[in-house]
Amino acid sequence: MRELRVSVLPPYNFDLVLDRLSLDPLNSVDISSRTVKVPFYGEEDEILEVTATGTTDDPSFLVQMEKEDRGNARLDYLKKVFQWEGTLQEIHQHFLDTDLKDIFTEHSGTPVVLEFNPYSTLMKSIIHQQLNLAFAHTLTQRFVHKFGREKDGVWFYPAPGETAILDVDELREMQFSQRKAEYVIGVSKEIAEGRLNLQELEKKPDDEILKELVKLRGIGPWTAENYLMFALGRQNLFPKTDIGIQNALKKLYGMDRKPTLAEIDEMSEAWSPYLSYASLYLWRSIENRK
DNA sequence: GACCAGGATTGCT
DNA sequence: AGCAATCATGGT
């Protein structure tokens, strides 16, 4: 077991990170020991264990790895996933002059934490389309439990090639709709057969990635924006068709209806170039928390 | 028992 | 181009 200590710039509230991660039952989170076990999709499945050892104003972490970290691949991955090199201070500063001031103060130190794998983000987003979160998590969990892999309590999504050869009926059995099953298998085929290269895609600017992803059957604007935000960590995305965002804005402005798309454009204008943070904090503002 | 969920596609006009 | 129907099921 290799151990490593990391400190990052404040503010950074890892307990809020764990709180959000625990919304997905596939994540291996232990709130009391302030630890999350992260799947690392290398040549073999590996687990990286991250434990908070500091506070919001003096954040530090203990990282435990199973193998030697050749080329810093694992540490670089964790830095990106948990945004350890971000500057939340500046971002908070930006929002103090906006209508999101109170929400940002309440959730101060919450970074945008990325999903643990680009392909899994795509699958999860497609499965989550249009469904309430409870059922969406159930479906995703069924999918990963049946076709993915487990190691020491940590779940790994199947590889694209493994999903690509599934039959639609195998997903229908676990209560996927016909079309959702086709989307999941179809997009996996695009990747497995080399027509969609996620590593190459990552090098392009937001608008080009959006354009390419939306061409695929089963990926619309919402899913593509979700990918840019949570697989790639792009900072200026605002999924205005998202029901959760619309409900959060309705609540924020005390409206008796959801805002129109034009109204949303107006509201969000002042939050650029950090719209992804605005989105995250708006989602957090309507999530049920203990 | 409606009606809505962290949407996208298809088939109408 | 724009609109309605469709999808599976759980929560309210």
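As the structure is a computational prediction, the values presented were derived from the model and not from experiment. Lettering of chains follows the sequences in order, A, B, ..., and the numbering in each one begins at 1.
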Which dot-bracket string fits DNA chain B when only Watson-Crick or G-U wobble pairs with both atom distances under 3.5 Å count, crossing pairs get [ ], and | stands for a partner on a different strand? .|||..|||||||
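A continuous path of ILVMFWY side-chain contacts below 4.5 Å connects A:L261 to A:M255, so both sit in one hydrophobic cluster.
Taking atom C1' on both nucleotides, C:dA4 is separated from B:dG6 by 23 Å, rounded to a whole Å. Between B:dA5 and C:dG2, the distance separating the two C1' atoms is 24 Å to the nearest Å.
In summary, the aromatic rings of A:F14 and A:F61 are positioned with their centroids under 6.0 Å apart.
Extent of DNA chain B lying under 4.0 Å from chain A heavy atoms, first and last nucleotide in 5' to 3' order, is B:dA5 to B:dT10.
Between A:L282 and A:L100, the closest side-chain pair of non-hydrogen atoms falls below 4.5 Å.
Comparing A:A134 and A:F176 by the nucleotide of DNA chain C that holds the closest heavy atom to each, the one mapping nearer the 5' end is A:F176. Residue order along DNA chain B, read from the 5' end via each residue's closest nucleotide, puts A:N132 first among A:N132 and A:P221. The nearest heavy atom of DNA chain B to A:V214 and to A:L131 marks one nucleotide each, and the one closer to the 5' end goes with A:L131.
Separating the CE atom of A:M174 from the C1' atom of C:dG10 is a distance of 18 Å, rounded to the nearest angstrom. If you measure from atom CG of A:L133 to atom C1' of C:dG11, you get 12 Å, rounded to the nearest angstrom.
Here A:L139 lies out of heavy-atom contact (under 4.0 Å) with every strand. No contact: A:L171 has no heavy atom under 4.0 Å from any strand. Counting any heavy atom pair closer than 4.0 Å across all strands shown, A:I243 reaches sugar-phosphate atoms only and no base atom. Among the heavy atoms of the strands lying under 4.0 Å from A:R20 is at least one base atom, whether or not backbone atoms are also near. Looking at heavy-atom distances under 4.0 Å, A:K258 makes contact with sugar-phosphate atoms alone, never a base. Within 4.0 Å (heavy atoms only), A:Q129 reaches sugar-phosphate atoms of the nucleic acid but no base atom. Among the protein residues, A:T223 comes within range of the sugar-phosphate backbone only, with heavy atoms under 4.0 Å from sugar or phosphate atoms but none that close to a base. A:P239 comes within contact range of no nucleotide atom at all, as no heavy-atom separation falls under 4.0 Å. Residue A:N226 is classed as having no contact, given no heavy-atom separation below 4.0 Å to the nucleic acid.
A ring pair (Phe, Tyr, Trp, His ring centres under 6.0 Å) with A:F156 is found for one member of A:F147, A:F40, A:Y41 and no other, namely A:Y41. With A:M174 as the fixed residue, the side chain to side chain contact (heavy atoms under 4.5 Å, CB included) test singles out one of A:K146, A:Q141, A:H145: A:K146. Among the candidates A:K151, A:K37, A:R74, the single residue satisfying the salt bridge (Lys or Arg N to Asp or Glu O under 4.0 Å) test with A:E66 is A:K151.
Of the possible donor and acceptor atoms, none in the side chain of A:Y12 sits under 3.5 Å from a partner among the backbone N and O of A:G86. No donor-acceptor pair under 3.5 Å is formed between the side chain of A:Y277 and the backbone N or O of A:F104.
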Does the side chain to side chain donor-acceptor pair (under 3.5 Å) test come out yes or no for A:S272 and A:N236, once each step is laid out? CA-CA 6 Å; A:S272 186; A:N236 205 30; 3.2 Å; yes
With side-chain contact (heavy atoms from CB on, under 4.5 Å) as the criterion, how do A:R2 and A:D69 come out once you've worked through the C-alpha distance, each side chain's angles and the decisive distance to 0.1 Å? CA-CA 8 Å; A:R2 272 91 177 157; A:D69 191 17; over 6 Å; no
